[in-house]
Structure formats: structure tokens, C-alpha cells
Amino acid sequence: MRRASLLAALLAAGTLSMAVSAQRAAHGPNDDSKTITLQKIKDNLYLLSGNGGNTAVFVTDLGVVVVDTKLPGSGPALLAKIKTVTNKPVTTIINTHAHSDHVGSNEAFGTAVEIIAQENTRLTMDKMDAFRGEKVNYLPKLMFKDRMTLGTGKDRIDLYYFGPGHTNGDAWVVFPAARVVHAGDMFADTAPPIIDLTNGGSGLAYASTLARAAEEIKNVDTIVTGHSSVKPWKDLTTYADFMRGFRDTVVDGFDHGLSVGEIADGWTLSAKYAGYTAPPDRVKADVEAIVGELSR
Ligand SMILES: [Zn+2]
């Protein structure tokens with residue numbers, strides 16, 4: 001089934017489990033690999049990539065903070081990699097959003113771990129089959145709306161929510177001492193994003209949410225993306241520009257009465273976005289999402 005028609009079916013059915021499988025499929029075949037690689041980003045801060053979304057591991061005086069827990073079944077590999085850099089226990093999980101490739105292995109870290117997320121992400125996770133019965137223990141218990149600070153000094157973490165985009169609960173996780181932010185899937189890759197309308201995502205708001213993050217997050221030089229490599233901070237502004245251009249093209253096409261297909265076929269990836277990719281199915285799905293919002 002083509003992605004566009006799959007998304008249409010999703011919108012009609014509106015079921016979370018289907019949304020999650022579509023989302024997982026969209027992240028590509030590499031997600032099925034059990035290989036997880038570790039890269040040091042800064043002192044006490046590591047990137048674990050592979051088998052789902054990018055995981056950040058932050059070693060503090062009080063224990064290890066893990067940002068995102070990848071696809072289900074990643075726990076043993078995550079714990080093994082963490083053990084190569086510290087003997088401290090994992091005390092805290094931060095979920096950037098509710099998709100199963102970011103929350104799938106929360107349960108691997110036991111019930112004593114504090115799990116934190118933006119409040120809309122908790123509401124989405126409440127509806128997921130993966131967190132029913134005993135698994136409610138692995139839902140976030142500490143929520144924030146717009147901003148929250150954890151820890152102090154070199155261990156400080158600042159959490160922000162800047163508005164809808166990929167979902168309606170995307171947390172931005174800032175490590176001030178390291179000058180690093182984990183952007184989750186708000187900046188998954190240098191490509192058109194997945195816009196999960198079912199869970200409150202918005203292609204109309206996406207660019208402004210990115211621009212707000214670029215404006216309001218201070219003193220950061222490095223971005224951990226949701227699924228790609230670590231990027232320099234300035235790349236966030238470029239991505240916001242890219243998304244604004246994409247949105248404007250769709251809004252203009254819609255205003256001129258063009259179909260989803262015509263708008264998608266008429267949009268081209270500008271050469272100024274070096275290294276960006278634009279898979280046609282994703283472009284069409286995003287056009288469809290934005291046209292859907294405009295048609296509400
Ligand atoms: Zn996602």
C-alpha cells in the first residue's frame with residue numbers, strides 16, 4: 001500500500017496502533033537491526049544510535065538519565081552499552097514523545113526509575129496497548145506542560161515544549177553544561193518529517209515550533225536528532241526555514257485549488273538544503289497532512 005493511501009486509512013480509522021506501525025515503517029528497515037552503537041558527544045553525555053530513535057545517555061552524580069528507549073526489545077543492548085561507560089544505575093527516563101521507537105523499552109529499566117514526559121505525550125501513551133495492565137508502571141509519572149528543570153549545576157537538564165509539530169507532546173531536552181539539546185523527532189533527519197496528525201502533530205505549526213526552539217533555547221552548540229547524526233546548532237534554523245518553505249508551498253497550492261498530488265509534484269527540494277533528502281512518499285504524506293489541516 002502506498003504511504004499516502006495508508007495515511008488516509010489511518011486518518012479514517014484514527015487508531016493509535018496503526019499510527020504507530022505506520023510511523024515505525026516510515027523510519028525504515030534499519031530499525032529492525034539490533035545493533036546499537038555508542039558515541040561520546042561531550043563529557044558525561046553519549047549517543048546510542050540504532051534500533052529506533054536516538055538515545056542520549058547522561059551520567060550525573062545521582063545516576064544515569066536516559067532520553068528515549070528505542071523499539072521494544074532494545075533494553076538488554078541499551079543496558080550493556082551504558083555499562084561500558086558507567087556503573088551507576090539508570091534513575092531517570094525522559095521520553096521525547098510517545099512513538100514506540102522512542103518509548104518501546106521503558107520497561108527494561110525497572111519500576112524504581114522516574115519516567116518524565118510532556119503532559120500530552122503521557123495522554124497519548126495512556127491509550128497505547130503497550131502500557132496496559134502491569135505495564136502502566138512504565139508510563140511517565142512526572143509531567144510538564146511548557147518547561148521544567150531537573151537537577152542543578154553540571155547535572156542540570158532543562159525540558160521545553162514549544163508547540164505541535166511531529167506530535168502534540170514533543171519535548172526538547174537541553175543539557176546546559178554540555179551545550180547540547182536532544183530534539184527528538186521534531187528534528188528527526190534533514191528531510192520532510194513524519195507529521196502525526198492522529199496524535200496532535202501539525203504541519204501548519206511545525207515551522208513556527210522549530211523557529212521558537214531556535215529562538216528560545218540558548219547557549220547550545222550541538223543537536224542530537226531523532227534518527228540522524230549529531231548536528232551543529234545552526235542546522236536547526238536551516239530546518240525551520242526548510243519547513244516554512246514547505247508549508248508555504250502547500251498553503252499556496254491549496255489556495256490555488258491544486259490537489260495533493262499536484263502540490264507534491266510541484267514542490268522541489270531547493271539546492272540550498274545540501275544533504276537533505278525528500279522521499280516522494282513522505283513529501284506527499286506531508287502535503288496531505290497540511291491540506292487536511294487546511295480543510296478542517
Ligand atoms: Zn516519532
Side-chain angles (χ1 to χ4, degrees), residues 3 6-7 10-11 14-32 47-56 66-74 78 93-106 115-131 138-140 159-173 181-203 205-206 209-210 213 223-229 231 236 239 243 277 279 281-282 285-286 288-289:
R3 175 155 174 83
L6 176 60
L7 258 190
L10 272 178
L11 291 171
T15 62
L16 181 73
S17 56
M18 287 179 70
V20 167
S21 13
Q23 192 271 342
R24 190 186 298 178
H27 282 317
N30 287 342
D31 289 351
D32 294 326
L47 167 65
L48 297 182
S49 47
N51 210 45
N54 282 333
T55 296
V66 171
V67 182
D68 285 351
T69 61
K70 303 189 179 293
L71 287 167
S74 308
L78 276 173
I93 292 171
I94 299 165
N95 290 137
T96 61
H97 64 292
H99 289 151
S100 71
D101 55 332
H102 297 259
V103 305
S105 297
N106 280 8
I115 306 180
I116 305 170
Q118 203 275 344
E119 59 186 24
N120 294 328
T121 285
R122 163 65 198 249
L123 291 174
T124 297
M125 291 170 76
D126 279 340
K127 293 180 266 174
M128 292 167 65
D129 287 340
F131 295 98
Y138 310 110
L139 285 166
L159 302 173
Y160 298 87
Y161 173 69
F162 291 121
H166 180 63
T167 70
N168 65 353
D170 300 288
W172 298 75
V173 184
V181 57
H182 191 319
D185 282 358
M186 278 302 297
F187 190 8
D189 201 347
T190 47
I194 290 172
I195 300 166
D196 183 356
L197 291 185
T198 306
N199 292 308
S202 172
Y206 212 117
T209 301
L210 290 170
I223 306 175
V224 175
T225 59
H227 288 266
S228 181
S229 56
K231 311 277 187 203
L236 183 61
Y239 193 54
M243 287 304 293
T277 55
D281 283 0
R282 178 69 62 78
D286 285 357
E288 193 166 34

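Every number for a ligand or one of its atoms is a count from 1 in the order of the listing. As a basis for the values below, the full set of heavy atoms in this structure was taken, side chains included, without hydrogen atoms, waters or symmetry mates.
When only modelled atom types and interatomic distance are considered, D196 and T167 share no side-chain donor-acceptor pair under 3.5 Å.
In this view, Y138 satisfies the ring-ring contact (aromatic ring centres under 6.0 Å, His included) rule with no residue, not counting sequence neighbours.
Taking 2.8 Å as the criterion, D101 does not count as a coordinating residue of the Zn ion (ligand 1), since none of its N, O or S atoms falls below it. Between the Zn ion (ligand 1) and H102 there is no N/O/S contact shorter than 2.8 Å.
When the Zn ion (ligand 1) is compared with the N/O/S atoms of H99, atom ND1 turns out nearest. No other N/O/S atom of H97 lies as close to the Zn ion (ligand 1) as NE2 does.
Aromatic ring orientation, H99 versus H97: perpendicular (interplanar angle above 60°, classes split at 30° and 60°).
Side-chain contact between N54 and T225: present, with at least one pair of heavy atoms (C-beta onward) separated by less than 4.5 Å. When side chains are defined from C-beta on, H227 does not count as touching S49, because their heavy atoms never get closer than 4.5 Å.
The OD2 atom of D185 and the NE2 atom of H166 meet at the Zn ion (ligand 1) at an angle of about 100°, given to 10°.
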